[in-house]
Every structure is written in C-alpha cells, then in structure tokens.
Undergrad: 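Please find one structure pasted underneath; my questions will follow.
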Protein chains: 2
Amino acid sequence: MINSDMQVFTAKHLAEVLTIPDKYLRRLMTDMSKKGFIKSIQGREGGYVFAKNASKIYLSDVVDAVEGIERYNGCIMGHETCSDENPCSLHNTYAPIRDHLISFLLNTTIAELKDINISKF
Amino acid sequence: MINSDMQVFTAKHLAEVLTIPDKYLRRLMTDMSKKGFIKSIQGREGGYVFAKNASKIYLSDVVDAVEGIERYNGCIMGHETCSDENPCSLHNTYAPIRDHLISFLLNTTIAELKDINISKF
DNA sequence: CATATGTACTACATTAAGGTGGTATAATAA
DNA sequence: TTATTATACCACCTTAATGTAGTACATATG
C-alpha cells in the first residue's frame, strides 16, 4: 500500500531508462532498500520509492552506508593518536581540508545531485 | 658513476627491508625511474637513488605521474563548462575545498611523509 | 486465482589491480 | 673478464569489484 506522494518506479522501468540489466538493478535496489534509502513495494503495482525526500538524505549518509564514514575521519599519516592536541607533522595543513570535506558531505543532499553529468562517472 | 651525495639502495636491500619480492620491487622502481623520481645506476655497486632531494618532489608530481592531476581539477558534477563565471549548483560550496586540496598537494613534499604509518595503507 | 511485482540464493563471467616467477640481456666496477 | 647490478619480456596467479543469469519464492492487486 502506497501512502506517499513520491513517485514509484519499477525495476523494469529503471533498468530500461538506465540501460542496465533488470536483475542487476534489482539487486542494487534491494541493497539500498535494506540500507533504508528507499522503500520497496512488493506485489502488483509495486516498485521502489524514496524512503524519505531526497532533500533529507545527505551524502554522508550514503558514504557511511557504502564504505563507512570513518575512512574520512582518520589522520592522513595513519597515526591513531593524531589530534589537535597531539598533531602529526601534516595535521595542521591537512585537517582543515578534511574537515571542510566532511562538512560538505554532512550538508549536501542527494537532491542536490539532480543535475549531475552521470556519463562522467 | 655516482656523482650524488644521496644514498644508493639496491633492489635486493629494499626488497628485504620492505619484505616484498625483489622482482616486483624492481618493476616498480624501474617505473619510478622512467617517471623521473629516481635514477637507476646499473652495474656493480649500482642501485637506486632519488633523482633529486625528496624535499623537492611534491605530492602533486607523484599524483600527476600515477593517475593524472586532471582528475582533481574537474567539476564535481562532471560539467565541462563549470567555472567561477558559470558555476554548477555545487561549485560554490565544493570548489574551495577542491582548491585547498590541490594546493595541499602542490605544497607538500614526499620528504614530509617520512613519519607516515605505512601499515595503515 | 492470475498477474505483476520484489526477494533470495546460487553460480558464474569479466575486468582491473596487484603480485609472483623465469629467462635472457645490458651496463659497469673491480 | 667476472661478478654484480638493473632492464626487458613474458606468462601466470590472486583478489576484489562489478556484472550476468537462472530458478524458485513471497507479496499484493484486482
């Protein structure tokens, strides 16, 4: 039962539009569904729909689900103990860049990727 | 003939210290030599030596030789025409981060990686 | 019940990166 | 000339990521 005003897309439709195999797309979508980004609707007239509005899903959520956000937080030199108080030799030059990147991920939503040029990736 | 004051390392020695196979290391070193980061000295008493002091080799040089620095310069949305004058929807938030990252690569040398924790990479 | 959806599980193919190993050759110091 | 070094090919292996395919099953609408 659909109680959302968001559009429902079937695997068949998406596979055609994206020109990737139906079965493969389904597997990816099922994974995204388990990760909570989309909801799946089984049965006739079913399909996939965003679990919440795309403007509420942050890039950091996706990065975290796919590869873990931790990779972005560590010391560039690989030191466990590196911090503002106990900086490695590159901490002061690199940490601000890293922090800006993280805040970019935390503040940008997938809705903002609407105009992306997919063919470049 | 060696006319440098920098230390010469043989493949055999490096392979032992780094515990990777001699043959494999040689292949990587020959590649680095062709890319100009090190010089190889053939014959008895030969080996490898930095082509210039490590404090003159920038991360950007290495990135460029290995994967091409262009990948770091493009628009995050993949638009060819994106620029300060004709910005994509994320240009103003992302471009400054990208530019800081590039200047980090341009201004950091491999000499500064001396204390890196190799086991983390 | 019939039909159109998604799910689960399995098996295998493809590609790229990373790595191993052999043999022959070129260069150079001693 | 001999020993020690690097170079050039070549063939193959391993691993991980990505993609393809088949079959059976669960779910929901009408």
Undergrad: Nearest of D:dA6, D:dT2, C:dT3 to any side-chain atom of B:R44?
TA: D:dT2
Undergrad: Please state how far atom CG in A:L28 lies from atom C1' in D:dG19, giving the value in whole angstrom units.
TA: 9 Å
Undergrad: Look at A:R26 and C:dG6 and indicate whether a side-chain polar atom (N or O) is within less than 4.0 Å of OP1 or OP2.
TA: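 So the side chain of A:R26 is within the cut-off, an N or O lying under 4.0 Å from OP1 or OP2 of C:dG6.
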Undergrad: Write down the distance between CZ (B:R27) and P (C:dA17), rounded to a whole number of angstrom.
TA: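 Computing the B:R27:CZ to C:dA17:P distance gives 13 Å.
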Undergrad: What is the distance from CG of A:L25 to P of D:dT18, rounded to the nearest Å?
TA: 15 Å
Undergrad: Hey, is the side chain of A:S40 poking within less than 4.0 Å of OP1 or OP2 on C:dT7, counting only N and O atoms?
TA: yes
Undergrad: Taking only the side-chain heavy atoms of A:Y48 (C-beta and beyond), determine which of D:dA6, D:dG22, C:dT7 contains the nearest atom.
TA: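 Out of D:dA6, D:dG22, C:dT7, the nucleotide with an atom closest to A:Y48's side chain is C:dT7.
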Undergrad: Counting side-chain heavy atoms from CB outward, which of C:dG6, C:dA27, C:dG22 is closest to B:Q42?
TA: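 For B:Q42, the side-chain atoms sit closest to C:dA27.
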Undergrad: Would you please confirm or rule out a distance under 4.0 Å between OP1 or OP2 of D:dA11 and any side-chain N or O of B:K23?
TA: no
Undergrad: Is the shortest side-chain N/O distance from A:T30 to OP1 or OP2 of C:dT7 below 4.0 Å?
TA: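 Yes, because at least one side-chain N or O of A:T30 sits under 4.0 Å from OP1 or OP2 of C:dT7.
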Undergrad: Quick one: B:D31 CG to C:dG18 C1', roughly how many Å, whole number?
TA: 13 Å
Undergrad: Please give, in whole Å, the distance from D:dG19 P to A:D22 CG?
TA: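 It works out to 15 Å between those atoms.
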Undergrad: Rounded to whole angstroms, how far apart are OH on B:Y24 and P on C:dG21?
TA: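 Result: 13 Å.
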